[in-house]
Structures are given as C-alpha cells and as structure tokens.
Amino acid sequence: MIKTVDLKKTFIGRGQTVYAVDGVTTHIKQGEVVVIIGPSGSGKSTFLRCLNGLETFTSGHIMIDGVDLAAKKTDLNLVRREVGMVFQQFNLFPHKTVLENIVLAQQVVRKRKTAEATEKAHMLLQKVGIAEKESEYPIRLSGGQQQRVAIARALAMDPKIMLFDEPTSALDPEMVGEVLEVMKQLAREGMTMCVVTHEMGFAREVADRVLFMDQGKLVEEGTPEHFFTAPQEERAKAFLKQVL
Amino acid sequence: MMGAGLWIATKKIDYTWRWNRVPQYFAYVDESNVPAPYDARVVSLTRAGGTTKVKLAGESGEEGVFEVDNDSLRVSENEDLFQGDYLGSTSEWRAGPLSVGLWNTLWISAVSSVIGMIIGLVTGLCRISNNATLRSLSVAYIELIRGTPLLVQIFIFYFFLGTVLDISRIIAGISALAIFAGAYVAEIIRAGIQSIPKGQMEAARSLGMNVSQAMIHIILPQAFKRTLPPLAGQFISLIKDSSLVSVIAITDLTKSGREVITSTFATFEIWFVVAFLYLMLTSVLSQVISWVERRLSISD
C-alpha cells in the first residue's frame, strides 16, 4: 500500500541543517493500522505529512499504490484524493456548514452530483454520530464534534488510506473518547490507517504495528505487545517509562 | 453655535444666500418653440390631455401633425401661417448639470472600482505566487503607483498615454483611477489571503483540490470576508478621488459644480451641495457593504 524507502527531509535554517525525517524505510500494508509514537520533534508529523505530499521530501522514495511521489510526472492532486488526512487543528472550513464541508470536495474533486454527494455526507455524519448538526457552522461545534466532521470529510473522498496527525491532541480530555471511538470503528471496518498520536491506550488496543521515532529516525517497530512490554532499544524504554 | 457663527460671518462679508437657485441645476423645464416647417393652413386643433395636436395642410400639399402644450398654443383653426411661425411650444424636464455630474461620478467610480478590484485581485495573487517574476512585477507596480500622486498619474495618463495611444479623456481618467485603486486593493487582498491559517490550504489540498480550486472555494471567500472593511474604505476613497478627473475636463460632480458656480456665483451653496452629494454616494456604499458584512457574519 505505502512503501517508504530511505525517506529524508531536511530543513535548513540559520545555517543549521535539521534532519526532520532521517532515512525512514517502512511498509504499510492494506488494512493495517500503524501507530507512530515518539517524543515531540521526533519527525513523526513531518513523516506523515510527507506521505500525502503536504511536505516535500529531500530524498528517498514514497510509493503509494505503486505511484512514486518523488517522480516528476506524478500528479500529487490525484494521489491526495486517495489519501485522507485528519489534522490536529481540525481545519474545517469555517465559512461552510458541516454538510457543505463534506460535500464540497466531492463535487469539486470527485465531480459528484449534489444529490449523490449529499447522500454520502448524510451517511457519513450518521456514522460519526452528528447527523443532527449538519446545518450548523463549525464554530458552534465542540472540538470533538469538529474532529468527527473532519473525519467524515476525509472519508467522503473514499480514500484508500487515512492519515491522522495527532487527532486528539487539541481536544478537551472528555472529548478524546468520542473521536477515538470513531477511529476504532474505522479500524474494525478494515480501513488502512496511519496514526500519529500520544494516546498509548489507543495504540495498544487498535494498532497492528507501532513505529517509534526519535530525532527523525525510525528507532523501533513491532506489534503493540512487543513494543509496550519488551522494547529493545534504550530510547524506547526511556520514552515508555515517561509516558506510561 | 457654529451655525450662528457661520451666519454672522457670512453676513459680515455681505454674502447673499440663494438656496432657491440650486434646485434648477438638478432638473429644469426646457421649453422649445415649435415652428411651422412650411407655409400652411391650420386644418384642425385636437386637445388630448395637456397637449394640443395641430394639423397643418401645406400650400404644396404637405400634411403634418404637431404637438404643443395647451397654454402655449398660438394659432387657431383655419389660420394661414408662414414658414417659421411658431405654433406654440413644448416643454420637458431635463437633468441639470449637477444631476449629470452626479451620474458621471457614480458610473466612473463604479467602473473603475470593478476594474480596480480585478486588477487588485490578480496583482494580489501574483504578489504571493511562487513565481519570482510575477512577484517582482507586482511589487514594482504597487510601489510605483503608491509612491506617486494620483493627480500626477491622471495627468500622465491623459497627456502622455492619451496622446501616444490616442485614448479619450474618459478612458484615460477611468484607467488612472482603476490602476491607482488596484495597487491598494492588491495589498489588501494579499494581507487578507495571508491572514487565513495555513491549515485551511492544507486541508483543501489534502482533499485533492488543486491550488486554484482551493483558492476559489476555500481561501478567497474567507479572505474576502476579512478584507471587506478595508476594501470598503478603499472604494469610498475612490469615489472621493474621482473628483480629481475634473482636471482633465471630465464633467464629473466637481467639474459640474464649478461650472454652475461660474454662472451663478452661488459659490457657498454649490460647494455645500456638492459635498453633500459625495457624502450621499459614500454613505450608500457604506450601508451596502455593512449589509454584506452582516450577511457574511452568520458563520462567526
């Protein structure tokens, strides 16, 4: 599904070169739920943003369904419509109602008819449990509701894979549960997911595989049981001691 | 107090207020005499409402019907007329110079606002584009226009470009205003676009939209809403700045006012009236824009 080969991303600023992502090679298979954890600044968000081309990478390769993002002739817009993304700050479109948020890209990008797009939007709002809010503007929704709308908006494009960039980090603690519940449901339905999160409980319960990143490098990877009970690397052990 | 002070002051310089002479410069009744076009006899007079139809039979067989106002009728039935004798007169309402000037100011400002908005939008987008050439061209344009007085620009447009490219004064005037406004609008639009959080563009792109789709559907509508207050200020300025085109003899409100003053010497009255008319135009625009702002604020 997604293969990255020696992925590198460097930022150059004030004469210093920062290796945000430093040689990550991994493979996310169809239907797999991969959770990326690591300390702040470890490059996990940057890695995720590279996967749908929001961030350009310096060297290496990303293959999505056999399409190489590094190739010059690759149309990123075509790739992105197959890769859904959910942001930490929701990034709903504030000038559009909940329904319009979900319908817009279907019409503009997928060229669906209004009726078809609206039906799809209703179905998804039902699924994430906020069907009654469809004509509200995002500002009137709680953080958890906004994030569920954002998930529905991404799902409306029928993506083959969903990327979650710290989807619960900007939420009040009591709203975290409702968003995680929606994500668990997606995982059960067999959606391929790549999740950057600090929710260790979610990682342990839902992940098929955990990637631990530090200073841009992929330090350790394995099943949740292996990672949370018997990590091999010192850095991972130290991290887990802090967070668990 | 101030009113009284002004009254005393004008009394002192022996100024005679003649407000009653102002209305005729908005609209007046124009009377024109209707002459017999040829030697003829009046066949019949038929009254219809406020006018009378005069039927003439010419010496050499011509026939014609002419309409004049009842109270101006000067002929009776069977009367013989020579060519050029007046049958009577007709009167009609005509727009006076102040109305014509107001109308000209209105449409000149409207046209240059629309063009200025388009120029500003395009320049604003160029200003933030990744293309270095477009970027520096738009910066050069903005700096050039903002750094020189509008009056000088109008003179250059009219005397230089007008002569070289053979364009009329009205086109020269409108272009100068539009290009002047465009530079300011560009900066307003750029600021508006840059004030939209980066996440909005990223969200739109992550859904598969290309840059122009994201701009049209996501960024510009939000930027437009934010830039409405400064844009309103800019277009109100444009209405007022349009008074400068009177220097290249375009009959706008200011020039009409000057013309009326030369024939009436009612200097004080006319300038007050002209100021009031500008105020009317600008306050109508303010009202319209604040109405749009209220409409757009439902998503706040």
Side-chain angles (χ1 to χ4, degrees), chain A residues 45 48-49 51-55 75-98 100-111 135-141 146 149-165 170, chain B residues 117 120-121 124-125 128-132 135 185 188-232 288-300:
Chain A
S45 281
L48 198 71
R49 289 160 60 83
L51 292 185
N52 75 344
L54 279 185
E55 211 78 68
D75 184 351
L76 277 178
N77 295 318
L78 290 179
V79 175
R80 287 201 189 102
R81 62 173 76 169
E82 310 295 341
V83 181
M85 177 128 183
V86 175
F87 300 86
Q88 181 177 357
Q89 300 295 341
F90 329 131
N91 295 340
L92 291 180
F93 306 134
H95 61 304
K96 305 236 171 237
T97 64
V98 165
E100 288 166 344
N101 260 279
I102 303 176
V103 166
L104 179 69
Q106 298 189 61
Q107 288 175 323
V108 173
V109 179
R110 291 277 191 210
K111 309 288 177 212
S135 47
E136 292 279 9
Y137 284 93
I139 194 90
R140 307 218 193 289
L141 270 53
Q146 290 195 43
V149 173
I151 294 174
R153 178 177 69 180
L155 289 175
M157 302 302 288
D158 294 320
K160 292 179 184 151
I161 177 164
M162 287 281 285
L163 308 177
F164 293 84
D165 187 7
Chain B
M117 184 74 203
L121 184 59
L125 289 173
I128 51 170
S129 86
N130 290 327
N131 185 318
R135 223 167 36 230
V185 171
I188 294 173
I189 299 239
R190 175 182 69 91
I193 291 174
Q194 287 178 338
S195 77
I196 305 298
K198 267 181 76 183
Q200 289 292 311
M201 182 54 111
E202 290 181 352
R205 301 301 305 273
S206 80
L207 289 166
M209 290 188 208
N210 57 36
V211 175
S212 50
Q213 287 168 334
M215 271 290 167
I216 291 168
H217 295 285
I218 307 302
I219 306 297
L220 287 179
Q222 294 183 56
F224 178 69
K225 187 172 139 187
R226 290 193 188 185
T227 52
L228 216 47
L231 280 179
V288 169
I289 290 184
S290 62
W291 176 79
V292 175
E293 244 178 279
R294 278 199 303 279
R295 282 288 309 273
L296 290 178
S297 67
I298 50 164
S299 61
D300 288 340

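By convention in this document, chain letters (A, B, ...) are assigned in the order of the sequence lines, proteins followed by strands, and residues within each chain are numbered from 1. Being a predicted model, the structure only gives us computed values, none of them experimental.
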What part of A:Asn52 is in contact with chain B, defined as an atom under 4.5 angstrom from a non-hydrogen atom: side chain, backbone, both or neither? side chain
Minimum heavy-atom separation for A:Phe93 to B:Ala203, with atom names? CE2-CB, 4.0 Å
Do B:Ile218 and A:Leu104 touch side chain to side chain, with heavy atoms closer than 4.5 Å? yes
Shortest non-hydrogen pair, B:Ile298 vs A:Arg140, comes out as O-NH2, 3.3 Å
Within residues 151-161 of chain A, contacts to chain B at heavy-atom distances under 4.5 Å involve A:Arg153, A:Ala154, A:Met157
With only heavy atoms counted, which part of A:Val83 is less than 4.5 Å from chain B, the side chain, the backbone, both or neither? backbone
Specify the closest pair of heavy atoms between B:Arg205 and A:Asn77, including all atoms of both residues, with the distance to one decimal. NH2-OD1, 3.3 Å
Point-to-point distance, once rounded to the nearest 0.5 Å, from OG of B:Ser206 to CG of A:Asp165: 11.0 Å
Keeping A:His95 on the side-chain end and B:His217 on the backbone end, is there a donor-acceptor pair under 3.5 Å? yes
More than 12 non-hydrogen atoms from neighbouring residues, nucleotides or ligands closer than 6.0 Å to CG on A:Asp75, yes or no? yes
For A:Leu163, is it the side chain, the backbone, both or neither that has a heavy atom under 4.5 Å from a heavy atom of chain B? neither
Go through the structure and list residues passing side-chain contact (heavy atoms from CB on, under 4.5 Å) with B:Glu202, not counting sequence neighbours. A:Arg49, A:Leu54, A:Phe87, B:Lys198
Can you list the residues that meet the salt bridge (charged side-chain N to carboxylate O under 4.0 Å, His left out) rule with B:Arg190, with sequence neighbours excluded? B:Glu187
Where is the tightest heavy-atom contact between A:Pro94 and B:Ser299, given as atom of each residue plus distance? O-CB, 3.4 Å
From B:Leu207 atom CG to A:Asn101 atom CG, the distance as rounded to the nearest 0.5 Å: 9.0 Å
Applying side-chain contact (heavy atoms from CB on, under 4.5 Å), can you list everything that pairs with B:Leu296, at least two apart in sequence or on another chain? B:Phe224, B:Lys225, B:Leu228, B:Val292
